[in-house]
Structure formats: structure tokens, C-alpha cells
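In this chain, numbering begins with 1 at the start of the sequence shown. What you see is a predicted model, and the numbers here were worked out from it, not measured in a lab.
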Amino acid sequence: MPMIKQPLTIEHALLGFVRQEPMHGYQIHQRLQASAALGMVWSIKQGLLYASLTRLEEEGLLASQATPQGVKAARKMLQLTEAGEVAFLQWVRSPVGHGRDFRIEFLAKLYFSRQESTSVALELVARQRWATRQRLAELQQQAIGMAGNHSYEWLVVRYRIGQLEATQHWLDVCSDWLMTVEQVPEAPLPGIASDS
């Protein structure tokens, strides 16, 4: 049975590094590991990173060029294609569709959206708030339909409702923080101690 390719999602974050400047895979891996902010939410093994970069190149989102390095083997320098630019900007501005993607993918989007501008980050948060509100309303209707039937399924729905309510509250905090950042660059996220 052939393996089904899953759609690229979090891998689009790798485009954000190359968007800043052309670089090779090892540089991207070093930057991801060195990023105290992004490294808090996303880590990727070097082999998986290279496989993801190859897939992004196969999808036409990255282009590569071999660059000589003296006696060593040539390095594969990666740069964003026009399609990669479009895909990255669409990815970084779109809310995540599932709660399970929030912890890693949304936080990666927030990281890179801030590099675009505070207004892009605020727009992302607003879109995520709307998407989360829609899903919350669906689950609340589902829970109402289960009224009096306190089954395991009801318990799972109540858990998901609680997660989305907490997410909505955090998005409010995030919005307030982003507005503060615009006035005072380098403000730490609420609840996260600074490195100093």
C-alpha cells in the first residue's frame, strides 16, 4: 500500500527562516535550536528537518543551488520561490483548524507573524479568535444535545469546551501583549520570565 503524503502544515515555518535570507539546512537547524522563543514550542530532529526541506523543495516552495566550500562537499543553499513566498504568507496569516495544532503550529505562526509586523500578528490573533469562537459554539451545541446524558462522550466534549475557553482567554492576553509590544519592543510574554 503506497504511503499517503500528509499536507504540509508546520513545515511552512521552515520557509520563515529561508525568507529572512538564503541558507542551508544545517543553518536552519542551528537557528531553530538557538531560538529561545521558537525553541520553547517546536523542536525537530535534524533528519526530519532535512526530509521536510526536501519535501518543500519538491513542492516548489524552495529552490536550491549548490555552493562550493573549498575541499568540502558543496552545500545546498536554499531560497524561497515565488510560490514559497505566497504559501508562507498564506500560512502565517491563517488560523489553525484544530485545537491539537494550537500549541505548536499557532505559536510558530505567531512567532513569524511578529517578524512581519505587529498588525499582521494582531490580525492572526483576531482570525484565530473567530475560528475558535466558531468551534466553541459548535461544541456547546453538541453538549446541549447531550443534556442529561453524562456519558464518556459528553465528558470529552466538556473537556474540549474547556480547552477552547482557555484558548479564547489566552488569545485576549496575547492581543493585549501585542499592543504593548508595539509601544515597548521586547516586552516578555505575560507569565514567562525573561532570560535575565
Side-chain angles (χ1 to χ4, degrees), residues 1-67 69 72-117 120-121 123-125 127-128 131-132 163 166-167 170-171 174 177-178 181 186 188-189 191-195:
M1 181 178 208
M3 195 165 89
I4 298 170
K5 277 190 179 179
Q6 296 297 315
L8 292 164
T9 53
I10 186 63
E11 292 87 354
H12 281 82
L14 298 174
L15 300 175
F17 288 108
V18 180
R19 187 166 188 263
Q20 296 168 5
E21 64 180 299
M23 58 179 70
H24 53 79
Y26 186 67
Q27 283 177 295
I28 296 169
H29 188 255
Q30 287 179 313
R31 291 241 177 121
L32 185 55
Q33 287 190 316
S35 170
L38 190 55
M40 289 178 68
V41 297
W42 188 40
S43 64
I44 185 171
K45 292 186 178 179
Q46 197 168 351
L48 183 56
L49 177 127
Y50 285 121
S52 297
L53 291 172
T54 297
R55 185 154 173 223
L56 289 165
E57 190 173 1
E58 288 169 356
E59 297 282 331
L61 305 179
L62 288 175
S64 66
Q65 182 177 357
T67 55
Q69 10 170 50
K72 294 182 182 178
R75 277 215 157 129
K76 189 173 172 179
M77 192 61 73
L78 298 163
Q79 60 187 30
L80 214 53
T81 63
E82 285 183 34
E85 177 83 10
V86 169
F88 174 77
L89 291 174
Q90 182 179 0
W91 174 82
V92 83
R93 288 181 162 102
S94 301
V96 296
H98 302 285
R100 66 181 174 266
D101 299 327
F102 197 85
R103 185 183 69 79
I104 296 175
E105 189 172 356
F106 179 80
L107 290 172
K109 288 180 184 219
L110 183 62
Y111 175 84
F112 285 107
S113 68
R114 285 190 59 219
Q115 292 181 0
E116 295 299 310
S117 71
V120 169
E123 181 182 320
L124 172 65
V125 170
R127 287 179 177 172
Q128 189 63 58
T132 303
Q163 277 187 313
T167 298
W170 182 84
L171 287 166
C174 187
W177 174 76
L178 284 166
V181 168
E186 303 306 318
L189 277 169
I192 298 176
S194 65
D195 292 338

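Between L61 and L80 the shortest side-chain heavy-atom distance does not fall below 4.5 Å. Between L38 and F17, some side-chain heavy-atom pair lies under the 4.5 Å cut-off. With contacts defined as side-chain heavy-atom distances shorter than 4.5 Å, the pair K109/P95 does not qualify. Using a 4.5 Å heavy-atom threshold, the side chains of H12 and V92 count as separate. You'll find the side chain of L178 reaches within 4.5 Å of the side chain of L110, heavy atoms only.
Residues passing the side chain to side chain contact (heavy atoms under 4.5 Å, CB included) test with T167 are F102, T132, L171, sequence neighbours excluded. With sequence neighbours excluded, no residue forms a side-chain hydrogen bond (donor to acceptor under 3.5 Å, both in side chains) with R103. Taking Q46 as the reference, Y50 meet the side-chain hydrogen bond (donor to acceptor under 3.5 Å, both in side chains) condition, with sequence neighbours excluded. Under the side-chain hydrogen bond (donor to acceptor under 3.5 Å, both in side chains) criterion, H24 pairs with Q27, R75, not counting sequence neighbours. Every residue two or more places apart in sequence or in another chain was checked for a side chain to side chain contact (heavy atoms under 4.5 Å, CB included) with Q65, and none qualifies.
Considering all non-hydrogen atoms of both residues, A63 and E57 come closest at C-OE2, 4.3 Å. The heavy-atom pair separating V96 from F106 by the smallest distance is CG1-N, 3.7 Å. Taking every heavy atom of both residues into account, L78 and G25 meet most closely at CD1-N, 4.3 Å. The minimum heavy-atom distance between L14 and S52, with the atom names listed, is CD1-CB, 3.7 Å.
For E11 and W91, the side-chain atoms include no donor-acceptor pair closer than 3.5 Å.
Once rounded to the nearest 0.5 Å, the distance linking CZ of F112 with CD of Q115 reads 5.5 Å. The distance from atom CG of L124 to atom CZ of R114, rounded to the nearest 0.5 Å, is 12.5 Å. Rounding to the nearest 0.5 angstrom, the gap separating the CG atom in L107 from the CG atom in D101 is 11.5 Å. Separation of atoms CD1 (I44) and CG (L32) is listed at 7.5 Å; rounding is to 0.5 Å.
Listed by first and then second residue, the salt bridge (charged side-chain N to carboxylate O under 4.0 Å, His left out) pairs that reach into residues 18-41 are R19-E85, R19-E116, E21-R31, sequence neighbours excluded.
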